[in-house]
Amino acid sequence: MKTITKVSELKEAVKAAKAEGKTIGLVPTMGALHDGHLSLIRRAKEENDFVVVSVFVNPIQFNNKEDLAKYPRTVDADCEKLASVGADVAFVPTVEEMYPEPVKETYHFGPLEEVMEGPQRPGHFSGVAVVVRRLFDLAEPNRAYFGEKDYQQLAIIRNLVEQIHYPLEIVACPIVRADDGLALSSRNMRLSPAARAIAPTIYDTLSQAAEMAEYEEVDEVKEWVMSTLASFHEVNPDQCPDGLKFEPEYFEIVNARTLQPIEDWDEAGDDGAVGCIAVWLNGVRLIDVVKF
Ligand code: PAF
């Protein structure tokens, strides 16, 4: 595996691969790689001849300076993992290399960004779109791989590809979970042991919500999920030392394609419905998704 830090070198590597008739798979990441990322890379390896993985903590998608400063950075370990799963290129640019000029472009996604993460993180999706488009320009992939945990991001990126008319396939990969159900995330490593021990409650609650959806109305399921998590520390004080508690930011049940909130299960029609949640735990923001 080649580790590349310069845009010019990445372009050369891509040009050489294309000259040999190779197809290119791109896996954009912000590093702190876990098995979820590795599953995307394995899939990219299966479906392409040449796999580029970017490792870049993209500052312009963070609307909270503290979150950016605390984002885990483990580049050496990341490169070892990438080599072990057979990535061809690890692209690890500096911020100056990615953004030699101040970024002026912005992207808009209409109703897709007016829900869930959008209002909570102003400018976030535009920042994601800027970096993803740059990576598309540099790596010229036939396919790009994204995880379904960032469900709204996936819809935004599909929309971006339509806006910029790029001839590439966006491949959505299923959430990878720890044995106890917690969705794998680079942020999990910031959880204290007590927080990590109760974090699977998010998945347990979503799984129960999926069962409730058989017989309860949308609003009731939403309220139940929010109140179950918000009151967890009161019901289980022994598991919540030192003021540890879940602070759910949102739980929204939406049409799986349009991401617009539904009030009735039938409204989702053939698209189906998904529930997306963001929860603060121990100063760490965790997200997860359930399909209904
Ligand atoms: O999902 C992520 O890790 C990031 O948002 C992405 C797509 C790599 C862009 O920085």
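Counting starts at 1 for both ligands and their atoms, following the listed order. In this text, all values refer to a predicted model and were calculated from it rather than measured experimentally.
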If we ignore angles and hydrogens, is there a donor and acceptor under 3.5 Å between the side chains of Arg133 and Tyr107? yes

For the residue pair Tyr151 and Asp288, confirm or rule out a side-chain donor-acceptor distance under 3.5 Å.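 No donor-acceptor contact under 3.5 Å links the two side chains.
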
Give the numbers and elements of all ligand 1 atoms closer than 4.0 Å to a heavy atom of [X].
{"X": "Met30", "value": "3 (O), 4 (C), 8 (C), 10 (O)"}
{"X": "Pro28", "value": "8 (C)"}
{"X": "Val131", "value": "9 (C), 10 (O)"}

Just let me know how Thr29 lines up against ligand 1, side chain, backbone, both or neither, with a heavy-atom cut-off below 4.0 Å.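 Just the backbone.
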
Could you tell me whether Glu117 and Arg285 have a side-chain N and a carboxylate O separated by less than 4.0 Å?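 Salt bridge flag = yes for Arg285 with Glu117.
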
Taking the basic N atoms (NZ, or NE/NH1/NH2) and the acidic carboxylate oxygens, is any pair closer than 4.0 Å for Glu47 and Arg43?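 Arg43 and Glu47: salt-bridged.
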
For Phe109 and Phe125, run ring pair (Phe, Tyr, Trp, His ring centres under 6.0 Å): C-alpha distance rounded to whole Å, both residues' side-chain angles, the deciding distance at 0.1 Å, then the answer. CA-CA 8 Å; Phe109 299 98; Phe125 286 126; 7.2 Å; no

Distance from atom 7 (C) of ligand 1 to nearest protein heavy atom, with residue and atom: Gln153 NE2, 3.4 Å

Tell me the nearest of Gln61, His124, His37 to atom 10 (O) of ligand 1, using heavy-atom distances.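 Ranked by closest heavy atom to atom 10 (O) of ligand 1, first place is Gln61.
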
